[in-house]
Amino acid sequence: MSASNIQNAAAAAAARDRGDLPDNNQELDSESDMEYYYEFTAEGDDDQDQGDEEEGQDYEDEDEDMSGRDQDSDEDVMQLVFDAPAGRRLTARQLRLLLAELQRDNTYYGYRDPEFHFLPRFDHPVPAPEGTKLMNSGAFGVTRLRGEERSFEGKRHQALGKKILGRQLGAFTGERARIYNQLIAQDLVPSSKAEFVIHSDHCSYSGQFSRDGNLFYTCTQDFYVRIYDTSNPYKWRFIKSAHYLDGIWTLTDADLSPDSRYIAYSSITNQVYLSTTEDDGEEAQILDFSTGGRRNRHAMGNGGIWSVRFSGDGQELVAGTNERSIYIYDIEQRKSILRLHGHSHDVNAVCYGDENTPHILFSGSDDSTVKVWDRRSMSDGREVGVFPGHTEGITYVDSKGDGRYVLSNGKDQTMKLWDIRSMMSAHDYENLPRKDYSTHFDYRHEQYPAKPHRLPHDKSIVTYTGHPVLRTLIRCHFSPPVSTGSRYVYSGSADGKVAIYNLDATRAGTVDISQTSRIKPGLRGGLTTYTRDVSWHPYAPILAATSWSWERGKGIVSVHAWNGDGKGRRVHVKADNEDDEMDSEDEMEDETRHYTTEMEEDAGLYRRWQGRFRR
């Protein structure tokens, strides 16, 4: 049955329920009643199909296959609307739900429906031309030495050992030596073999290194954030754990201050806790975003915080909330000083565009848009620009830190790179046709039912596909500027892996967390590993992945380093049938150190007790 017929049937059912339209077994008196009846009969449906053919749409074969089935379904629905007993008749609401299901099916598979836009199907180009230009521009690492005619990506690509030998022999000096060192660093992509694994009895949701690489934190579902000393990135030392009282569900996010002295962490409430990173015994401070209540028009309501970030000067916090708003909180004044309302759904992620100034903000929402805010031009309280292109909600946004490039992960199973110079103005975005491109699937329980589409107004530079973004708000990041020149972008994944991409959308490497996590991967059946967050050490070829298993309710932080088997750019990614070429899980676990959070906390208590005994 066509969507237009179901819509007419819903209107007729509503009229019937009001008593405006007689039942089918009664005589139809008025001409309007006859028109109602005619519109949702099979004869009316055939007329509609004929009108579609006259519009030049090439669905003759599909119509021939489905015509008999559509006519039968029309008659069945008609019987449920009019002929069925009163207790079994379809209501107007039930018919509208049926219409919504049909419209979602049309959106998935490309059937034409008057209410929805037809999306053309095509794959995103790999390698992406714009990404290749960025790789050769110098803004994202280096590709070749000055004077070289060909890129190191081509036939003259040197082995890493030869590069290191050339550096040791002093083959280059000055600027050429700096570029040579950068080329070496870019090749050191971490591998699947873990140096050590930290296990938790609760799901681990996020974890990041500090800007100087001397600290690492991880947030778990028991409302604790645990902090480690990573000054030696190959040998971590537990420092402290900070607790969030009266949290809801889990810790949603955390962030270290620019000087790494404080950590802010949030839950699904209107409060952010602020704790020191040193084991000094001080209690955490509570930053209430609802302070001021009605007297403060920028105060937060009773909603929850999904994302929190420090400003570049450490004086403010920005928070994305389930109130469809963004809040700026002044730490010294202890109150929210600005409320930005521009999204139509939850704001899942926020970040500052420039590490040195608090002016540019990026936000990602379940309304499928990434928006740009400039606090210097907030007279009307509106965003200065929009990045349209995702068809589902945004799970995370990350800035390169230069106020220009931003990265986003979406529930449409794509990661996109954006340039602020190509954003769409708020005025132009509002004038776009209001189309619903979403499939409305539940990413927490369902598989994505469509293939990634490119919207006609997509403003992204490069689109990355191949990592499932399901079950949780999976995060993505730029690789560090010092060790890799931001050469790569990488993301967690619902298949228990870390996907590392070159800027041109080719795969640079894959880190398989399940090889050392003691949790088997897989999206269907059995125990699963979901890698939610990943952090690349700013100065060392080390990557820390934060993952969890829903079935077991366990979390892990696995630390992976370059060990000589990763070649960096465009390495071969092993397929599922090539697992026998890899080391077995048992062999890897024999060389991997496994710890638990309880072991670390006990060791920390012992060190503190030992220090007091010495005094």
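Quantities reported herein were computed from a predicted structural model and do not represent experimental measurements.
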message = Any non-hydrogen side-chain atom of Val372 less than 4.5 Å from a side-chain atom of Phe387?
response = yes
query = Arg532: what forms a salt bridge (charged side-chain N to carboxylate O under 4.0 Å, His left out) with it, not counting sequence neighbours?
reply = none
key: Over 12 non-hydrogen atoms of neighbours within 6.0 angstrom of CZ in Arg444   = no
query = Are Ser460 and Arg454 side-chain neighbours, meaning at least one heavy-atom pair lies under 4.5 Å?
reply = yes
Whether Glu323 side chain and Gly301 backbone form a donor-acceptor pair below 3.5 Å = yes
query = Can you find a heavy atom in the side chain of Ser535 that is under 4.5 Å from one in the side chain of His477?
reply = no
request  = Give the C-alpha distance, both sets of side-chain angles, the deciding distance and a yes or no for ring-ring contact (aromatic ring centres under 6.0 Å, His included) between Phe140 and Tyr405.
outcome  = CA-CA 11 Å; Phe140 292 86; Tyr405 295 103; 5.0 Å; yes
request  = With Tyr464 as reference, evaluate Val489, Thr414, Asn409 under the side-chain contact (heavy atoms from CB on, under 4.5 Å) test and give the passing residue.
outcome  = Val489
Test item: side-chain donor near acceptor, Tyr443 and Thr395, under 3.5 Å = no
key: Gap between atom CD1 of Ile474 and atom OG of Ser547 - 0.5 Å precision   = 9.5 Å
query = Taking NZ, NE, NH1 and NH2 as the nitrogens, is one of them in Asp366 or Lys411 under 4.0 Å from a carboxylate oxygen of the other?
reply = yes
query = So, Thr465 and Gln413: side-chain donor and acceptor under 3.5 Å apart, yes or no?
reply = no
ask   = His467 and ring pair (Phe, Tyr, Trp, His ring centres under 6.0 Å): which partner among Tyr501, Tyr490, Tyr530?
value = Tyr501
key: side-chain contact (heavy atoms from CB on, under 4.5 Å) between Met300 and Ile305, worked out   = CA-CA 10 Å; Met300 186 177 170; Ile305 295 174; 3.9 Å; yes
query = Any sub-3.5 Å donor-acceptor pair from Thr369's side-chain atoms to Lys371's backbone N or O?
reply = no
inquiry  = Looking at Thr291 and Lys335, would you say the former's side chain and the latter's main chain have a donor-acceptor pair under 3.5 Å?
reply    = no
request  = Give a yes or no on whether the ring-centroid distance for Tyr217 and Tyr265 is below 6.0 angstrom.
outcome  = no
inquiry  = Around atom CG of Asn302, are there more than 12 heavy atoms from other residues, nucleotides or ligands closer than 6.0 Å?
reply    = no
message = Counting C-beta onward and ignoring hydrogens, is there a side-chain heavy-atom pair between Ile328 and Arg375 closer than 4.5 Å?
response = yes
query = Can you name the residues that form a ring pair (Phe, Tyr, Trp, His ring centres under 6.0 Å) with Tyr327, not counting sequence neighbours?
reply = none
key: Side-chain heavy atoms of Thr391 within contact of Leu455, under 4.5 Å   = yes
remark   = The reported gap from CE in Met424 to OH in Tyr429 (rounded to nearest 0.5 angstrom) is 9.0 Å
request  = Go through the side-chain N and O atoms of Asp253 and Ser266 and say whether any donor and acceptor fall under 3.5 Å apart.
outcome  = no
message = Taking the six-membered ring of Tyr329 as reference, does the cationic atom of Arg339 (NZ for Lys, CZ for Arg) lie under 6.0 Å from its centre and within 45° of its axis?
response = no
message = Could you tell me if the side chain of Tyr205 sits less than 4.5 Å from the side chain of Leu251, heavy atoms only?
response = no
ask   = Would Asp428 and His457 count as having a side-chain donor-acceptor pair, cut-off 3.5 Å?
value = no
inquiry  = Please report the interatomic distance NZ(Lys497) to OG1(Thr531), rounded to the nearest 0.5 Å.
reply    = 10.0 Å
request  = Begin from the C-alpha positions of Tyr352 and Ser399 and carry the test side-chain contact (heavy atoms from CB on, under 4.5 Å) through to its verdict.
outcome  = CA-CA 7 Å; Tyr352 283 94; Ser399 172; over 6 Å; no
message = Parallel, tilted or perpendicular, judged at 30° and 60°: which one describes the rings of Phe441 and Tyr448?
response = perpendicular
key: N/O donor-acceptor pair under 3.5 Å between Glu332 side chain and Gln315 backbone   = no
task = Look at the side chain of Asn270 and the backbone N and O of Phe289, then say whether any donor-acceptor pair between them is shorter than 3.5 Å.
result = no
task = Might you work through the side-chain contact (heavy atoms from CB on, under 4.5 Å) test for Thr463 and Lys416, ending with a clear yes or no?
result = CA-CA 5 Å; Thr463 299; Lys416 291 180 179 289; 2.9 Å; yes
inquiry  = Under 3.5 Å, is there a donor on one side chain and an acceptor on the other for Asp288 and Ser290?
reply    = yes
task = Measure from the side-chain N and O atoms of His343 to the backbone N and O of Asp367, and report whether any donor-acceptor pair falls under 3.5 Å.
result = no
inquiry  = Would the distance check show the side chain of Thr132 and the main-chain N or O of Asp504 forming a donor-acceptor pair, the cut-off being under 3.5 Å?
reply    = no
key: Arg334 side-chain N/O to Ile286 backbone N/O, donor-acceptor pair under 3.5 Å   = no
task = Kindly determine whether Trp536 and Val498 satisfy side-chain contact (heavy atoms from CB on, under 4.5 Å), including the steps that lead there.
result = CA-CA 11 Å; Trp536 201 314; Val498 178; over 6 Å; no
inquiry  = Test your reading of the model: is there a side-chain donor-acceptor pair from Asn322 to the backbone of Trp306, 3.5 Å cut-off?
reply    = no
query = Short question: side chain of Thr269, backbone of Gly304 - any donor-acceptor pair under 3.5 Å?
reply = no
key: Sequence-distant partners of Asp246, salt bridge (charged side-chain N to carboxylate O under 4.0 Å, His left out), two or more places apart   = none
